[in-house]
Amino acid sequence: MKNTLKFAAAVAALAMSGTAIAGSTDGKIQVKALATLVAPDGKITSVELDNIGLPAGTQTEADDNFVPTIAAEYFFTPNISLETICCVTQHDVTGTGPLDGAGLVSNANIIPATLTAKYHFGDGTGFKPYIGAGPTYFIFIDEKAGDTARALGATRQKMNDKVGFALQAGFDLPISDNGLGLSVDAKRYFVNTTARWFAGSTEVLRTRHRIDPWVVSAGLAYRF
């Protein structure tokens with residue numbers, strides 16, 4: 001969050017500087033510094049391998065996280081643009097039901113590489129709502145077995161990288177004539193992944209999970 005505030009301040013300074021790149025409410029390029037809530041699902045959709053004996057009715061959930069996000073967007077026309085985002089979000093997965101609170105996955109870092117095509121309504125001035133959609137690729141980095149999983153003998157945990165899809169809606173609101181604006185954005189991702197737990201080199205548990213996070217962002221935009 002601290003990095004988001006620093007970047008937002010830099011965006012504002014750039015917009016107000018007379019020697020900076022000239023901003024414009026109808027420029028071709030827009031960058032955003034956003035504060036983002038990532039709220040994944042994490043439920044088990046199927047158990048493919050179980051050599052540890054999961055109790056009947058076991059389910060899982062992933063915790064939410066707040067992260068800084070940077071977005072970059074190119075306008076092909078006043079109404080059509082292409083946008084990508086950059087962020088890393090970290091989540092733990094815990095049990096529910098019979099394993100309520102059990103630590104199963106610790107510090108799963110996710111890079112949600114996303115590219116969306118957006119359609120902006122209106123004539124390009126003032127309040128500008130939009131919708132968008134596009135592919136995403138979830139990259140999992142450095143995930144570990146949680147405390148409970150380690151206590152049961154798991155020494156390693158792995159989440160599979162996966163391709164998915166994202167829907168998007170939001171709005172941009174100019175607050176000056178030199179390209180500075182406010183932005184609010186919501187995305188719903190549709191992504192599944194496979195989680196594997198190992199004892200040494202032996203796989204002892206494999207489950208499929210629905211990730212499907214809501215990703216809600218708000219912050220500053222600068223268009224030039």
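Only this structure's heavy atoms are used, side chains among them; waters, hydrogens and symmetry mates stay out.
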| From CG (L167) to OG1 (T116), nearest 0.5 Å | 10.0 Å

| query | Is the backbone of A113 close enough, under 3.5 Å, to the side chain of T136 for a donor and an acceptor to pair up by distance? | reply | yes

| Between I141 and I111, is any pair of side-chain heavy atoms under 4.5 Å apart? | yes

| Those residues that, when tested against D41, pass salt bridge (charged side-chain N to carboxylate O under 4.0 Å, His left out) (two or more places apart) | K43, R210

| query | Taking only residues two or more places apart in sequence or in another chain, which ones pass side-chain hydrogen bond (donor to acceptor under 3.5 Å, both in side chains) with N109? | reply | Q90

| note | Looking only at heavy atoms, the pair that brings T114 and A166 closest together is CG2-CB, 4.3 Å

| query | Are L34 and L220 side-chain neighbours, meaning at least one heavy-atom pair lies under 4.5 Å? | reply | no

| Connected hydrophobic set around V216, excluding itself, where side chains approach under 4.5 Å | none

| field | Side-chain (S24) to main-chain (D26) donor-acceptor, under 3.5 angstrom | value | yes

| said: When you compare the side chains of T77 and N79, does any donor N or O come within less than 3.5 Å of an acceptor on the partner? | reply: no

| Would you say the side-chain atoms of S81 pair up with the backbone N or O of H120, donor to acceptor, closer than 3.5 Å? | no

| message | Do V31 and L82 sit in one hydrophobic cluster, given that two such residues count as connected whenever their side-chain heavy atoms are within less than 4.5 Å of each other, even indirectly? | response | yes

| said: Per the side chain to side chain donor-acceptor pair (under 3.5 Å) rule, what does the pair list look like for residues 194-204, sequence neighbours excluded? | reply: N160-R196, T194-R208, R196-E203, E203-R206

| query | Which residues pass the side-chain hydrogen bond (donor to acceptor under 3.5 Å, both in side chains) test with D172, sequence neighbours left out? | reply | Q30, K32, S183

| request: Return the minimal non-hydrogen interatomic distance between P55 and P98, and the atom names on each side. | output: CB-CB, 3.6 Å

| said: Go through it in stages, so that I can follow the logic: the residues are V88 and V67, the test is side-chain contact (heavy atoms from CB on, under 4.5 Å), and I'd like the CA-CA distance, side-chain angles, deciding distance and then a yes or no. | reply: CA-CA 7 Å; V88 178; V67 297; over 6 Å; no

| query | How close do T25 and P174 get, heavy atom to heavy atom, and via which atoms? | reply | CG2-CB, 4.1 Å

| Which residue pairs pass the side chain to side chain donor-acceptor pair (under 3.5 Å) test with at least one member in residues 138-147, sequence neighbours excluded? | D142-K144, D147-R150

| said: For C87 versus T69, what's the shortest heavy-atom pair and its separation? | reply: CB-OG1, 3.8 Å

| query | For the hydrophobic clusters of this structure (ILVMFWY residues joined by side-chain heavy atoms under 4.5 Å, transitively), does one cluster hold both F171 and F75? | reply | no

| query | Between Y130 and D185, does any side-chain donor sit less than 3.5 Å from a side-chain acceptor? | reply | yes

| query | Taking the side chain from Q157 and the backbone from G146, do they hold a donor-acceptor pair closer than 3.5 Å? | reply | no

| field | For F138, ring pair (Phe, Tyr, Trp, His ring centres under 6.0 Å) partners two or more places apart | value | Y189

| said: Restricting to ring pair (Phe, Tyr, Trp, His ring centres under 6.0 Å), what partner residues turn up for F140, sequence neighbours left out? | reply: none

| query | Do P68 and T36 have side-chain heavy atoms sitting under 4.5 Å apart? | reply | no

| note | With sequence neighbours left out, the residues meeting ring pair (Phe, Tyr, Trp, His ring centres under 6.0 Å) with Y137 are none

| said: Once ring pair (Phe, Tyr, Trp, His ring centres under 6.0 Å) is applied, do any residues pair with Y119, and if so which ones, sequence neighbours excluded? | reply: F121

| Who pairs with T60 by side-chain hydrogen bond (donor to acceptor under 3.5 Å, both in side chains), at least two apart in sequence or on another chain? | H209

| query | How would you list, by chain and number, every residue that makes a side chain to side chain contact (heavy atoms under 4.5 Å, CB included) with T94, sequence neighbours excluded? | reply | E61

